[in-house]
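Note that ligands are numbered from 1 as they come in the structure, with each ligand's atoms numbered from 1 the same way.
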Amino acid sequence: MPEPRDWDREWLELSAGALDAVSRADTLEAVEAARVDLLGRERGRLSALLKSLKDLPIEERKRLGPQANALKDAIEKGLESRRKALDAKALDAGLAAARIDLSLPPPPWPRGRRHPVSETLREMTDILSRLGFALAEGPLVENDRNNFEGLNIPADHPARDVQDTFYLRDLPLLLRTHTSPVQIRHMEANKPPIRIMAPGRVFRHEAVDASHSAVFHQVEGLYIDRRVTMADLKGTLSLFMRGLLGPKAAIRFRPSFFPFTEPSTEVDVRCLLCAGAGCAACKRSGWMELLGAGLVHPNVLRFCGIDPAQWSGFAFGVGVERLTLLRLGVPDIRMLYENDVRVLEKLS
Ligand code: PHE
C-alpha cells in the first residue's frame with residue numbers, strides 16, 4: 001500500500017518557495033519559466049496540487065481549497081508585476097542606449113539663412129570673381145587723402161561737408177563715404193594691369209528714409225589695363241547685371257559726373273517690377289538707377305603713380321541694398337535692417 005500523501009508538507013513546501021521564486025525572476029524568460037513551473041497546465045506544481053484536491057475528503061478540500069486559490073492569485077499577481085518591472089527596465093535601458101534627447105523640439109526645425117543683403121553681396125562677388133576680379137579690401141575708417149583728395153574731389157566739394165560725412169572727433173579721420181578709397185590704396189600698392197572688386201560697408205550722414213540709410217554696402221570694381229574703353233565697361237556691367245538679375249536684365253548709360261571718372265555715367269537697369277512699362281517703384285520711368293561708373297580720371301591715375309598715357313581703366317560702384325530691394329521687389333530699405341524675422345523669412 002503506497003504511503004498516504006502528506007498534504008500539509010507538500011502545501012508548505014510549495015507555498016514557501018513559490019512567491020520567492022517569482023520575485024527572484026530577473027528576466028522575462030525567468031518569469032515565464034516560473035509561471036510554467038507553478039501554473040503550467042501539464043506540469044505546474046500548483047496546478048497539480050489543485051487537481052488532486054478532488055481526491056481529498058470534503059473537510060480537507062474546504063480547508064485547503066481557498067488557500068490554494070489564494071496562492072494562485074498571489075502568484076499570478078507577482079508574475080504580472082515582475083513582467084511590468086522588467087519591461088520598464090528594458091525600456092529605460094533602450095532609451096539610455098539610444099541617447100534620445102526628449103527635450104529637443106520636434107521637426108521641422110527652424111533653419112537659419114543668410115541675410116538678404118549678405119546673399120546679394122555674396123552673389124555679386126561670385127559673379128565678379130568669375131569675370132576675373134580679385135578681392136581687395138580697405139578699412140572703414142579712412143583719411144581725407146584716400147577718401148577724397150586722391151579721388152580728385154576738391155576741398156570745396158560738397159561731399160566733404162559734415163552734412164554728408166561722418167568725421168571722427170579730434171582725429172583727421174572719417175568713416176569712408178564710398179568704397180572708392182580702396183582704388184587708391186590698391187593702385188598705390190600694385191602695378192597695372194589691375195582688376196579688383198572691393199565690397200564693403202560705407203557711411204553717409206543722411207536722414208534715413210525708404211531709399212536711404214546712414215550705413216549701407218557698396219561693391220567697387222576697378223580695371224586698369226592698356227586701351228580700356230567705355231565698351232569694356234558696358235560689356236562687363238551687362239554681364240554683371242545679367243548674372244545677378246537674370247538673362248533679360250537690360251542696362252542703359254546716362255551721362256553723369258563724378259570727380260574721379262571722365263567720362264562719367266550713371267547706369268540704370270530696366271525695372272524688374274514693370275519690365276520697363278513704368279510703375280511706382282521706378283517712378284514711372286521704367287528704369288532704376290543702380291550704379292555710378294566711368295573711365296578712371298587721369299588725375300587719379302597720376303596720383304597713384306600710374307602713367308595715364310600708358311594705362312587707362314574703368315571703375316564702378318554699386319549699392320548692394322538697392323539691388324537687394326530690386327531683386328526682392330521690396331519697397332523700403334528699412335525692411336532690410338529692422339531684422340524682423342517675419343519679414344526676413346519672406347525675403348529669402
Ligand atoms: N563712389 C561713387 C559713389 O559712391 C560710385 C562710383 C564708383 C562712381 C566708381 C564712379 C566710379 O557714389
Inset, instruction - Quick one: do Phe258 and His178 satisfy ring-ring contact (aromatic ring centres under 6.0 Å, His included)? Show the steps, please. - result: CA-CA 12 Å; Phe258 299 102; His178 49 183; 9.2 Å; no
With heavy atoms under 4.0 Å as the rule, classify the contact between [X] and ligand 1 as side chain, backbone, both or neither.
X	value
Ala293	backbone
Phe260	side chain
Arg204	side chain

Using distance alone, determine whether [X] and ligand 1 share an N or O pair under 3.5 Å.
X	result
Thr261	no
Gln218	yes
His178	yes
Glu220	no

Inset, instruction - Look at the aromatic rings of Phe316 and Phe240 and report parallel, tilted or perpendicular, splitting at 30° and 60°. - result: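 If you compare the ring of Phe316 with that of Phe240, the planes turn out tilted.
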Legend entry - atom 11 (C) of ligand 1 [closest protein heavy-atom partner, distance rounded to 0.1 Å]: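 Looking only at protein heavy atoms, the one closest to atom 11 (C) of ligand 1 is Ala315 O, 3.5 Å.
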Legend entry - Identity and distance of the protein heavy atom lying nearest atom 7 (C) of ligand 1: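 Protein heavy atom with the smallest distance to atom 7 (C) of ligand 1: Gly317 N, 3.3 Å.
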Legend entry - Main-chain N/O of Arg160 paired to Asp164 side chain as donor or acceptor, under 3.5 Å: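 No.
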Inset, instruction - Using a strict cut-off of 4.0 Å, indicate which atoms of ligand 1 neighbour a heavy atom of Ser180. - result: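 In order of numbering, the contacting atoms are 1 (N), 7 (C).
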Legend entry - Cluster link Leu12 to Leu49, ILVMFWY, side chain under 4.5 Å: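 Different clusters: Leu12 never reaches Leu49 through Ile, Leu, Val, Met, Phe, Trp or Tyr contacts under 4.5 Å.
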Legend entry - Same apolar cluster: Val182 and Leu121, side chain cutoff 4.5 Å: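 No; tracing contacts between hydrophobic side chains, which count when under 4.5 Å, never links both residues.
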Legend entry - Over 12 non-hydrogen atoms of neighbours within 6.0 angstrom of CZ in Arg41: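 No, because the 6.0 Å sphere around CZ of Arg41 holds 12 heavy atoms or fewer from other groups.
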Legend entry - Co-members of Leu168 in a cluster of I, L, V, M, F, W and Y side chains, linked at under 4.5 Å: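 Same cluster as Leu168: Leu140, Val141, Phe166, Leu171, Leu173, Leu175, Phe203, Val215.
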